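The shown structure was predicted, so the numbers you read here are calculated from the model rather than taken from an experiment.
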Amino acid sequence: MPLSEREQKLLEQLEQQLNAEDPHFATSMSEAGTSRFSTTRLVAGAVTAAAGLGALLWGVSQQFIWLGIIGFIVMAAGVYVATSRSRQSTGGRGRDSAAAKKNSPFMANLEQRWEERRNQEP
């Protein structure tokens, strides 16, 4: 169901307010639909996991238990690297941005509207 013209304008206004008040959050939300995984990390992890699996199988077939254990550890590390996301620095804004969001007029307005709706319900 398409949005009405009024709803589209309201949505655009909310988006503009969000971009003006917290551009970092707005950017992270617009990038939320992009891929979660880095291709480089995925390939490096897959190669590492394959090498670990090879060492595990070769160690077990040659009865070198210590090599099998090392191969398993390398394989597990490769899977971890392949499935983990790269860290993005917040630039030291963690607590500051939380406090700013709490005191922003946009959030205060939303909270006020939420309370009004909760009080109207029987």
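Separation of atoms CD1 (Ile73) and CE (Met75) is listed at 10.5 Å; rounding is to 0.5 Å. Interatomic distance, CD1 of Ile65 versus CD1 of Ile70, reported as 12.0 Å (0.5 Å rounding).
With sequence neighbours left out, Glu5 forms a salt bridge (charged side-chain N to carboxylate O under 4.0 Å, His left out) with Lys9. Qualifying salt bridge (charged side-chain N to carboxylate O under 4.0 Å, His left out) partners for Glu7, counting only residues two or more places apart in sequence or in other chains: none.
Within a 6.0 Å sphere centred on CD of Gln8, heavy atoms belonging to other residues, nucleotides or ligands number more than 12.
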Please tabulate, for side-chain N and O atoms in residues 44-64, each donor-acceptor pair with protein atoms closer than 3.5 Å (sequence neighbours left out).
| unit_1 | atom_1 | unit_2 | atom_2 | d |
| --- | --- | --- | --- | --- |
| Thr48 | OG1 | Ala44 | O | 2.8 |
| Ser61 | OG | Leu57 | O | 3.3 |
| Ser61 | OG | Trp58 | O | 2.9 |

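A 4.5 Å side-chain heavy-atom check between Gln13 and Leu10 finds at least one atom pair inside the cut-off.
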